[in-house]
Number of protein chains: 2
Amino acid sequence: MINIKAKERYHHGDLPNALIDAALLILARDGIEDFSLREVAKMAGVSHAAPYRHFKDKMALLEAIAIRGYSHLEAVCKISYERYPHDPNRQLFEAGMGYLTLVLEKPEVAHLMFSGILTKNHVSLPLKQAGSKAVKSLGWIIENGKQQGIYSDQKTEKLTVTALACVHGIAMMLLGGLVKKPESKQQLKTLAKQISETMLQGLLKR
Amino acid sequence: MINIKAKERYHHGDLPNALIDAALLILARDGIEDFSLREVAKMAGVSHAAPYRHFKDKMALLEAIAIRGYSHLEAVCKISYERYPHDPNRQLFEAGMGYLTLVLEKPEVAHLMFSGILTKNHVSLPLKQAGSKAVKSLGWIIENGKQQGIYSDQKTEKLTVTALACVHGIAMMLLGGLVKKPESKQQLKTLAKQISETMLQGLLKR
DNA sequence: ACCTGAACACCGTTCAAGT
DNA sequence: ACCTGAACACCGTTCAAGT
């Protein structure tokens with residue numbers, strides 16, 4: 001009884017989020033190539049035309065998912081920034097781990113965020129903003145490390161881009177199969193430690 | 001006259017390559033999301049069913065393109081390796097430039113190679129081999145630098161993965177719009193110099 | 001305001017039939 | 001051996017019509 005009522009309210013109440021939830025499930029199961037809006041609608045229990053009341057088109061729904069992904073990365077950076085205020089290396093390592101974990105656990109979301117599919121034609125301000133907010137929150141970690149005298153005096157942006165490139169590169173190589181995926185959290189940590197060690201040699205003042 | 005003859009021989013002679021050429025054109029124009037095998041066939045002047053005589057399915061055609069991309073990267077590494085035999089840093093820089101140039105000039109090909117779309121389900125030995133051959137040719141550059149006493153004594157594979165991650169990361173960030181694209185070869189060089197400088201501080205023995 | 005059903009113009013893929 | 005045309009089961013998107 002309660003379920004039926006909830007179901008009815010569900011469809012009338014928050015279809016946008018219901019669609020996003022369904023999309024995440026389908027994305028994880030089928031991958032982006034076989035992703036269809038019609039199936040999303042079916043899973044959410046509405047007609048195939050209903051999503052168009054809430055999203056301009058298929059891409060707009062995927063974009064909403066990518067934006068959530070960027071927000072998540074931003075949060076990861078902020079949390080690790082606050083958790084280890086006196087240890088920039090740890091901040092960086094944990095942020096990187098969060099990054100890699102997202103990519104490994106939600107590869108399709110990462111694919112949406114970084115493949116360029118969504119930025120091919122339209123700029124889409126909200127997407128752009130979400131992305132640069134995430135980058136900025138990494139920049140704060142680097143800036144903090146500089147102020148603590150640990151990192152090189154090169155321009156913060158330069159250091160940030162390089163550090164980001166490094167972790168992003170590993171993430172994408174995992175996604176694309178150029179590096180074999182770690183099968184445990186432990187293996188992932190080992191990989192991340194190796195990369196960050198080699199990377200830090202260039203980041204640390206000496 | 002000669003043209004008509006050539007055209008006739010073309011269709012009977014080398015449809016696979018004609019399809020790949022057409023696919024590259026369409027990919028560059030429309031992006032991967034709107035890429036259709038039917039249009040490729042139309043551009044090559046055959047029926048929409050003809051491609052299936054030469055490629056198992058749509059993905060197999062895209063895979064052939066990705067394999068060509070990897071071969072190109074492998075060639076880039078080899079050429080720069082042979083051109084600057086006594087300057088590993090230069091070898092590395094030029095290889096990186098070739099990498100970034102490919103991504104900027106043929107973003108859709110790069111997308112195919114690195115997005116993971118093609119490695120989602122099937123392993124596809126030829127694709128895997130093409131990829132690892134490209135990685136190996138970068139490894140030689142690092143190995144050479146180690147033997148010349150310029151690079152750190154860490155394991156070659158570790159250094160290779162980190163260096164590759166860095167250039168790959170920048171490439172993917174350009175693709176995905178996280179870093180704004182250089183508008184000239186000169187701007188690209190400046191960006192590459194910045195990255196490689198920061199990277200090398202960790203790569204160089206000191 | 002939100003949703004449905006039919007409609008349109010596309011797809012990928014298969015398969016009998018043609019040359 | 002290689003290609004075509006029709007056919008099937010899907011898409012994304014639009015739009016009148018329903019509640």
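Chain naming here is simple, since letters A, B, ... match the order of the sequence lines and numbering starts at 1 in each.
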TODO: Figure out the CG/P separation between A/L62 and D/dT13, and round it to whole Å.
DONE: 10 Å

Open item on the list: Below the 4.0 Å mark, does D/dC3 have OP1 or OP2 next to a side-chain nitrogen or oxygen of B/H54?
Closed with: yes

- [ ] Rounded to the nearest angstrom, tell me the gap between atom CD in B/E33 and atom P in D/dT13.
- [x] 10 Å

- [ ] Give none if D/dT14 has no partner; otherwise give the nucleotide forming a Watson-Crick or G-U wobble pair with it, both distances under 3.5 Å.
- [x] C/dA6

Task: Distance-only donor-acceptor check, side chains A/S71 and A/K133, under 3.5 Å - done: no

Open item on the list: Expressed as a whole number of angstroms, how long is the span from A/R53:CZ to D/dT19:P?
Closed with: 16 Å

Open item on the list: Rounded to whole Å, how long is the line connecting atom NZ of A/K42 with atom P of C/dC3?
Closed with: 19 Å

Open item on the list: Among D/dT13, C/dC3, D/dC3, which nucleotide has an atom closest to any side-chain atom of A/A50?
Closed with: C/dC3

TODO: Determine which nucleotide pairs with D/dA1, using a 3.5 Å limit on both distances of a Watson-Crick or G-U wobble pair.
DONE: C/dT19

TODO: Would you classify B/S47 as touching base, sugar-phosphate or nothing, given that sugar-phosphate means primed atoms plus P, OP1 and OP2, and contacts are heavy atoms under 4.0 Å?
DONE: base

Open item on the list: Looking at A/K56 and A/E63, is there a salt bridge between them, counting it only when a charged N and a carboxylate O are closer than 4.0 Å?
Closed with: no

Task: Between C/dG12 (P) and B/K56 (NZ): distance, integer Å - done: 14 Å

Open item on the list: Over all strands shown, is A/F55 touching base, sugar-phosphate only, or nothing at heavy-atom distances under 4.0 angstrom?
Closed with: nothing

Open item on the list: Quick check: any donor-acceptor pair below 3.5 Å linking the side-chain of B/H48 to the base of D/dA6?
Closed with: yes

Open item on the list: Is the ring pair A/Y70/A/F114 parallel, tilted or perpendicular, if the boundaries are 30 and 60 degrees?
Closed with: perpendicular

Task: A/K106 side chain near A/L27 side chain, heavy-atom distance below 4.5 Å - done: no

- [ ] Answer yes or no: are there more than 12 heavy-atom neighbours, outside A/R83 itself, under 6.0 Å from its atom CZ?
- [x] no

Task: Separation of atom CZ in A/R38 from atom P in C/dA7, rounded to whole Å - done: 13 Å

Task: Separation of D/dG12 C1' from A/E39 CD (nearest whole Å) - done: 14 Å

TODO: Using whole Å, report how far NZ of B/K58 lies from P of D/dC11.
DONE: 13 Å

